Amino acid sequence: MTWSRSDACCRQAWDSGDVPDSRRPFLAPHTPLPSGLVLENFDQTIVCSTFGSLESQEDFRTPEFEEFNGKPDSLFFTDGQRRIDFVLVYEDESKKENNKKGTNEKQKRKRQAYESNLISHGLQLEATRSVSDDKLVFVKVHAPWEVLCTYAEIMHIKLPLKPNDLKTRSTFDTFNWFTKVLRVNESVIKPEQEFFTAPFEKSRMNDFYILDRDSFFNPATRSRIVYFILSRVKYQVMNNVNKFGINRLVSSGIYKAAFPLHDCKFNYKSEDPNCPSERYLLYREWAHPRSIYKKQPLDLIRKYYGEKIGIYFAWLGYYTQMLLLAAVVGVACFLYGYLNQDNCTWSKEVCDPDIGGQILMCPQCDRLCPFWRLNITCESSKKLCIFDSFGTLIFAVFMGVWVTLFLEFWKRRQAELEYEWDTVELQQEEQPRPEYEAQCNHVVINEITQEEERIPFTTCGKCIRITLCASAVFFWILLIIASVIGIIVYRLSVFIVFSTTLPKNPNGTDPIQKYLTPQMATSITASIISFIIIMILNTIYEKVAIMITNFELPRTQTDYENSLTMKMFLFQFVNYYSSCFYIAFFKGKFVGYPGDPVYWLGKYRNEECDPGGCLLELTTQLTIIMGGKAIWNNIQEVLLPWVMNLIGRYKRVSGSEKITPRWEQDYHLQPMGRLGLFYEYLEMIIQFGFVTLFVASFPLAPLLALVNNILEIRVDAWKLTTQFRRMVPEKAQDIGAWQPIMQGIAILAVVTNAMIIAFTSDMIPRLVYYWSFSIPPYGDHTYYTMDGYINNTLSVFNITDFKNTDKENPYIGLGNYTLCRYRDFRNPPGHPQEYKHNIYYWHVIAAKLAFIIVMEHVIYSVKFFISYAIPDVSKITKSKIKREKYLTQKLLHESHLKDLTKNMGLIAERIGGVADSSVRPKLE
């Protein structure tokens, strides 16, 4: 690698010790490589001092400009030999419309310094002007063989040693004839050849399976290596502060984009016969709607997009498969409730004109709400029979077991993928983030190696950062809770306003007046306000969470993503589930009784459940949220990138059609975003929470999730292959922090479902009545029955006991009554303990608590037994991993012994030759 005068200046400064600690090579403290190797690759920079004293512009190494050769599918430089591994895009400063000379000159010098340093690191650059926009310049980046080998060793990239004949591709070979129609056609997408692999070492290059230098590093690996360099090369040093990396240059506008290339168009094969056209194959066999019933080509996804994308789609596909079982059981429980709703005794009593029609219910607010007849809740009681049935209890217990099976079997599947995709020891080879390395200014002694190493902050500083970050997260969670409380207060206050302003006797012929009741108006306006608040806080918190995580300064990219994931999920958990928790466990639970209601803030009377009960309202809430969210997300994911690309193509339309190169076609696609698949994961985990946390109130939730996920897989695949630029391939061992989040949701789901059945549904009161209060000494029946349940569970209130008896015509159309009924278990008026909880209430409370304890202990026992019985890694996978390690070590050891034996033989021959030549003259 050649050195310029500026490079020599840097080397001299380094050797003399004049370079500050903050300017020392990034990876030196964190890698086991010799310091010389790191110095050769990370200290070759022309930035020797502050940006103001950079060398003159003539010392910059600039890329050569070449004209487009007219080959739209070419993935090579103009010479047709050097492959394009990355593309940088910038706008020519001299041709910008708003030409601010000073700013543009600074940006130009930074860009030139950066590109010169890239060349100093061994990368080869070639620039080409845009075909359609003369202001745009595309800088194509190529990594030659020596650079790839050097950085493959620095990054500990595993590469092939020899073909592997141990791995078996399918666990269900017996059923191949049955699953053949679901599998991808192997004649179209051929199975990848598998190898024994080991971290690459240049000194052992002969041990690796190198048939062709051009194909030894596949395009995804080449892009990873080039991005590793791009993200660490400096372009400015000011006041001993390094400024480096392509991400900062893009965010500051010096470059407009940086991305690896797709290998062809998504709907046509490449004209180059040597190009595998993997993007076209992925679109045809994975993203196209006609492949919706087929399994995903995970190996090709991993090869083209990297392990991080591959593990997401593997997890999503496995989750969808497991949902099939849950959906079948959920539909069976729903059909059980639907078919038995006509046999629901308590619903018949509500609908009976002689029972429900004769029961006068107390008003639900103080001044304006009228008395009402119980039989107006007939339809809602019938619907409630569908969901509040014995089948729901069975389904809740089943889902507690199902979620454990899903998580345990996914761990096994994940272990198989780790082995097949060579990510078993990923944590050992993952490099620190460049932002972390740049802040490593503190020197400490490693307790294990007793050597100096650099860290970004001391133990005290780390504690301060963690405390500040945790406080910020806690503040935002409190903020969303405050917004939820505000919405509740709004509902309580505006209900009275709508009751006053809306007509009390609506015209039956007017559909608006018929359906726009005070309850409906309150619910609609509260939902709209809640949605607006959620979206505003969500947008703000995303930026705040990124700022907090950047301040926290995690060491590796995996640590960074896990930290950001936990922060975002805690916020989204409160954001999405707060309304459901409120309806399930708080609404209608603390209302008092008509003569002594409970007030919020001493002013607003607490909300009561709808006539159909809170369980039906919770079911409705889940249906709307899950269905509406799924429809909206899929429409947004399809339409938004498609419309943006359509607008971009419309703007580029000119009088004559021009052939555009591959890099220009990719530039006009949408960027993936800095958070990558974070929102796809978040969407699925939120759905997973709805499916598990509140499934006792909505057995059809797994079915909705199954349908959504089948579409979600293909929509996400369509986005990646057709609408977005190719992402930088990244390694990933697992799904990261989402795994413990799912485990936490699974544990919480047992508690929430048990409490929904106990406190939100009427199942426990019905069972107590059937087994205890329908027969003597409490009941009048001679056999167990549900007859009389409604009358037994409604308490009596004397109208004269209202605190505010001067209501404005509260009895219109209902006749003159002195008593009304309300939902509670209290003693009637005239009782020695009137309006106090009766014996039925205490029986029900005892039964509810007993049910929760028994259900939780049973399900948790089964969960822990299943977790113990199913190991995270199967015996076959463990054996394969151990066998591969053994053979790899043996192969490297034998190769080393051969080289040593060969060298010893040469040394022995030389010694023998020297000895022979010295002895022969003496003999003569």
Side-chain angles (χ1 to χ4, degrees), residues 31-34 37 148-149 151-173 190-212 215-218 220-221 224 298-299 302-303 306-308 310-311 314 408-431 448-449 556 558 731-734 868-905:
T31 59
L33 295 174
L37 179 61
L148 293 173
C149 292
Y151 283 92
E153 185 171 2
I154 292 175
M155 298 169 66
H156 306 285
I157 295 177
K158 287 186 174 182
L159 292 169
L161 284 172
K162 61 176 292 188
N164 183 357
D165 54 357
L166 294 178
K167 299 182 182 180
T168 55
R169 299 300 306 171
S170 176
T171 311
F172 304 100
D173 292 333
K190 298 179 180 179
E192 292 293 322
Q193 186 178 7
E194 299 178 2
F195 296 89
F196 291 121
T197 60
F200 184 77
E201 296 180 28
K202 292 177 68 175
S203 59
R204 292 187 171 184
M205 190 178 298
N206 294 333
D207 297 334
F208 288 86
Y209 192 75
I210 306 176
L211 295 179
D212 180 13
S215 60
F216 181 63
F217 295 98
N218 62 35
T221 304
R224 277 183 59 207
L298 293 177
D299 286 336
R302 169 248 182 170
K303 178 184 177 184
E307 286 78 5
K308 194 169 187 177
I311 199 72
E408 293 303 318
F409 282 120
W410 164 246
K411 289 179 185 177
R412 292 168 66 90
R413 175 59 178 153
Q414 189 170 253
E416 294 176 3
L417 292 175
E418 287 179 17
Y419 168 72
E420 294 174 4
W421 292 354
D422 287 322
T423 59
V424 175
E425 298 176 350
L426 178 63
Q427 296 297 330
Q428 299 178 11
E429 63 185 78
E430 188 172 12
Q431 298 294 333
I448 299 175
T449 62
T556 64
T558 299
K731 284 278 189 178
Q733 190 174 24
D734 48 38
Y868 176 78
I870 302 176
D872 294 346
V873 184
S874 65
K875 288 185 177 180
I876 297 177
T877 304
K878 283 182 180 179
S879 299
K880 290 179 180 179
I881 294 173
K882 291 178 181 179
R883 177 69 174 166
E884 181 173 351
K885 279 186 176 181
Y886 168 74
L887 292 178
T888 301
Q889 292 175 356
K890 182 179 179 183
L891 180 66
L892 293 175
H893 182 65
E894 288 179 352
S895 176
H896 179 68
L897 284 179
K898 288 180 181 178
D899 293 340
L900 187 61
T901 304
K902 183 178 179 181
N903 293 334
M904 292 297 293

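Note that this is a predicted model, so its numbers are computed, not measured. Just so you know, residue 1 is the first one in the sequence shown, and it goes up from there. Values below: all heavy atoms of this structure, side chains included; hydrogens, waters and symmetry mates excluded.
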Next item on the list: Could you tell me the separation between the CH2 atom of W410 and the CG atom of D734, rounded to the nearest 0.5 Å?
Entry: 9.0 Å
Item checked: Nearest heavy atoms of A732 and T423, plus distance in Å -> O-CG2, 3.7 Å
Check: Quick check: does any side chain N or O of R302 sit under 3.5 Å from a backbone N or O of W421, one acting as donor and the other as acceptor?
Finding: yes
Item checked: Spacing of K880 atom NZ and S874 atom OG [to the nearest 0.5 Å] -> 7.5 Å
Notebook entry, point to check: How many angstroms lie between CD1 in I876 and CD1 in I881, if you round to the nearest 0.5 Å?
Noted result: 12.0 Å
Next item on the list: Can you see which heavy atom on E416 is nearest to which on T877, and at what distance?
Entry: CG-OG1, 3.5 Å
Note to self: So F217 and C149, do their side chains get closer than 4.5 Å, heavy atoms only?
What the structure shows: yes
Check: Where do I870 and E408 come nearest, in terms of heavy atoms and distance?
Finding: O-OE1, 3.6 Å
Check: Going by heavy atoms in the side chains, are I157 and T221 under 4.5 Å from each other?
Finding: yes
Notebook entry, point to check: So K882 and K885, side chain to side chain contact (heavy atoms under 4.5 Å, CB included) or not? Walk me through it.
Noted result: CA-CA 5 Å; K882 291 178 181 179; K885 279 186 176 181; 5.7 Å; no
Next item on the list: Starting at CG of D422, measure out to CD of E884 and round the result to the nearest 0.5 Å.
Entry: 6.0 Å
Next item on the list: Would you give the length of the straight line joining atom CZ of R412 to atom CG of D872, rounded to the nearest 0.5 angstrom?
Entry: 9.0 Å
Next item on the list: Considering non-hydrogen atoms only, spot the tightest contact between L417 and A314 and give its length.
Entry: CD1-CB, 3.5 Å
Checklist line | Validation row: K411, P871 side chains within 4.5 angstrom (heavy atoms) | finding: no
Next item on the list: Any chance you could measure K190, atom NZ, to E192, atom CD, to the nearest 0.5 Å?
Entry: 11.0 Å
Note to self: Which heavy atom of F208 sits nearest to which heavy atom of P160, and what is that distance?
What the structure shows: CD2-O, 3.2 Å
Next item on the list: For the residue pair E201 and R204, establish whether any side-chain heavy-atom pair is separated by less than 4.5 Å.
Entry: yes
Check: Where the side chain of Q733 meets the backbone of V424, is there a donor-acceptor pair that is under 3.5 Å apart?
Finding: yes
Check: Would you call E307 and K731 a salt bridge, taking side-chain N to carboxylate O under 4.0 Å as the test?
Finding: yes
Checklist line | Residue of the set Y209, F195, F200 for which side-chain contact (heavy atoms from CB on, under 4.5 Å) holds with L159 | finding: F200
